[in-house]
Amino acid sequence: MDYLLFFLIIIGAAFLLPELAKKIHLPYVTSIILAGIIIGPYGFKLFDLGDIASFLAFLGAIFLMFTAGLDVGLSSLRKIGKKAIIIALFNGIIPFATGYYIANYFGYNLITSLILGSIFVSSSIAIIIPSLKETKLAETDLGKIIISSTVFEDVASLLILAFLLQHISPDPVLPLAAYIPVVLASLVLLFFLLPRLQKLFIEQKLETQKEDVFEGELRFIIIVLIITALFFELLGIHAIIAGFFVGLFLSDAIKHRLVFVKIYTISYGIFIPIFFLVLGMKTDLSALLSVENVIITGTIVFGLIFSKFISGFFGSWIAGNSKHESLIVASATIPQLSTTLVVALLATEFGLFDNVLLTSIILLSIITTLIAPFLIKFFHRRLEINLQKQQFEKEKHLHGIKKETKQ
């Protein structure tokens, strides 16, 4: 009965919270996490974290990373150019060092410090893309550079995490020196194999059961997701990380919009809200009652925002973008969501993050997803005003030349 009630709350939250979130201008994800905090063992203790809830949250994390891979798309990786690489390097290395030294300064061990550094590398494509579309930047060169550099950073963050978790594994499948090339070779194999399997399946389905092609393709994708996750776990890579790469490699192979709609309906309609709700239930705000823990949380939040903004700005400026364009790039590097929360949850499950770090990362995600879209819009308006001034000065100059010519 408790499980049925828990499931009812999940479905009810997924149905009601989006409308509530819109009215109070709160991101949907934030509202789900807050609901989890309220009903969880650290809130009003309405529900405990049972095995069923944890398993559903695990599936939610896989689907979250899978849809994140679909959102990213292989086409974004192929479009990575010189500017995107420069921005990604600046916006990866500097925040990584910042996260590492923050954790190290507060007495955390080497692996925990490296994982916090890897979290600082990532950004949130799920927050960036809607903001870029709203400002009509998504299809511009600047928007494509932002998306490409973010993809590069997210992939790097997940690979760093995979190698770190393998390093601390008590029973590693392979030595780290052999493990890294095996993992990279497996990713290259999946890169070539998955789209071809997808294409072959669709061609056969069109010949046999035309009316069932969409449901068949959906079942095929879910089966591939599970099989690949199991394969990656045999290699010692967590299934959640595998979900991202399956979504990434299948993104361009899925041709029908209806299939995307069905995938997102299943993911965001059921499983992903459970992940965010359980994440909220694991959040212990009482961990922040001491002054020391508040300082740790404040340093992490400020350190990420500052390091991402500064490194994003200078990386973009050095890559050849204008000051106003670089301010937009800097703002777009700030938000933390899917990759950040999944990495934090995995680190907690492995005993590498305590309640203070987990709570800090959840608050970090809430704060950055709130301020980043606002900053992108603000600096986009500044860019438009600057372009209008430049156009006015140009027309004024041309008008002056024409006037002098007539005289």
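Remember, predicted model here, so these are calculated numbers, not experimental data. Heads up: numbering here begins at 1 and tracks the sequence.
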Does the side chain of Val278 come within less than 4.5 Å of Leu345's, by heavy atoms?
no
Okay, side chain of Thr368, backbone of Gln336: is any donor-acceptor separation there less than 3.5 Å?
yes
Say whether, by atom type as modelled, one donor and one acceptor occur between the side chain of Ser331 and the main chain of Ala372 under 3.5 angstrom.
no
Tell me whether Asp141 at atom CG has more than 12 heavy atoms from other residues, nucleotides or ligands lying less than 6.0 Å away.
no
Output for pair (Ser365 OG, Leu370 CG), nearest 0.5 Å, gives 10.5 Å
Asn386 side chain reached by Arg382 side chain, heavy atoms, under 4.5 Å:
no
Distance col, row Ile328:CD1 vs Ile376:CD1, nearest 0.5 angstrom, shows 8.5 Å
Hey, mind stepping through Ile371 and Ile305 against side chain to side chain contact (heavy atoms under 4.5 Å, CB included) and telling me if it holds?
CA-CA 10 Å; Ile371 67 172; Ile305 294 173; 3.8 Å; yes
Output the distance between atom CZ (Phe276) and atom CD1 (Ile32), rounded to the nearest 0.5 Å.
8.5 Å
Let's go through Asp354 and Tyr108 carefully: what are the C-alpha distance in whole Å and the side-chain angles of both, what is the deciding distance for side chain to side chain contact (heavy atoms under 4.5 Å, CB included) to 0.1 Å, and is it a yes or a no?
CA-CA 10 Å; Asp354 56 20; Tyr108 290 98; 3.0 Å; yes
Looking only at atom types and distance, does a side-chain atom of Ser148 sit under 3.5 Å from a main-chain N or O of Ile145, one as donor and one as acceptor?
no
Check the pair Asn321 / Ile87 against side chain to side chain contact (heavy atoms under 4.5 Å, CB included), numbers first and verdict last.
CA-CA 10 Å; Asn321 292 320; Ile87 293 169; 4.2 Å; yes
Check salt bridge (Lys or Arg N to Asp or Glu O under 4.0 Å) between Lys323 and all other residues, then give those that pass, not counting sequence neighbours.
none
Check for a donor-acceptor pair, side chain of Thr112 on one end and backbone N or O of Leu352 on the other, with a separation under 3.5 Å.
yes
What residue among Val224, Ile223, Ile222 forms side-chain contact (heavy atoms from CB on, under 4.5 Å) with Ile226?
Ile222
Taking Val356's backbone N and O only, do any of them form a donor-acceptor pair with Asp284's side chain (distance below 3.5 Å, no angle check)?
no
Looking at Ala229 and Ala242, what are the two nearest heavy atoms and their distance?
CA-CB, 3.9 Å
Under the side chain to side chain contact (heavy atoms under 4.5 Å, CB included) rule, what do Phe378 and Leu327 come out as? Steps first, then yes or no, please.
CA-CA 10 Å; Phe378 175 77; Leu327 288 170; over 6 Å; no
For the side chain of Thr283 and the backbone of Thr359, is there at least one donor-acceptor N/O pair under 3.5 Å apart?
no
Using side-chain heavy atoms (C-beta onward) and a distance below 4.5 Å, is Ile111 in contact with Phe350?
no
Quick check: do Ile240 and Phe275 have side-chain heavy atoms less than 4.5 Å from each other?
no
Taking the side chain as every heavy atom from C-beta outward, state whether Ser311 and Thr333 have any pair of such atoms under 4.5 Å apart.
no
Kindly say whether Val182 contributes a backbone atom to a donor-acceptor pair with the side chain of Ser186 at under 3.5 angstrom?
yes
What is the ring orientation for Phe314 with Trp317, classed by angle as parallel under 30°, tilted 30 to 60°, or perpendicular over 60°?
perpendicular
Tell me, which pairs form a salt bridge (charged side-chain N to carboxylate O under 4.0 Å, His left out) where one or both residues lie in residues 295-321, sequence neighbours left out?
Glu153-Lys308
Between Ile62 and Ala239, which heavy-atom pair has the shortest distance, and what is it?
CD1-CB, 4.0 Å
Show the nearest heavy-atom pair for residues Ile334 and Leu304, with the distance to one decimal.
O-CD2, 3.7 Å
Nearest 0.5 angstrom please: Leu357 CG to Ile300 CD1, how far?
5.0 Å
Could you check whether any side-chain heavy atom of Leu187 comes within less than 4.5 Å of a side-chain heavy atom of Leu159, counting everything from C-beta outward?
yes
What one should report as the nearest heavy-atom pair of Phe353 and Ile361 is CE2-CG1, 4.1 Å
Just how far is it from atom CD1 of Ile128 to atom CG of Leu137, taken to the nearest 0.5 Å?
12.0 Å
Please name the pair of heavy atoms, one in Ser360 and one in Val301, separated by the smallest distance, quoted to 0.1 Å.
O-CG2, 4.4 Å
With Ser267 via side chain to side chain contact (heavy atoms under 4.5 Å, CB included) - residues at least two apart:
Phe63, Thr67, Ile263, Ile272
Side-chain heavy-atom pair Tyr42, Leu285 within 4.5 angstrom cut-off
no
Locate the shortest heavy-atom distance separating Ile119 from Ser157; write the atom from each residue and the value.
N-OG, 4.4 Å
Does Ile168 reach the side chain of Leu165, with side-chain heavy atoms less than 4.5 Å apart?
yes
Asn293 (side chain) donor-acceptor with Ala287 (main chain) under 3.5 angstrom:
yes
So OG1 of Thr228 and CZ of Phe245: to nearest 0.5 Å the spacing works out to 12.0 Å
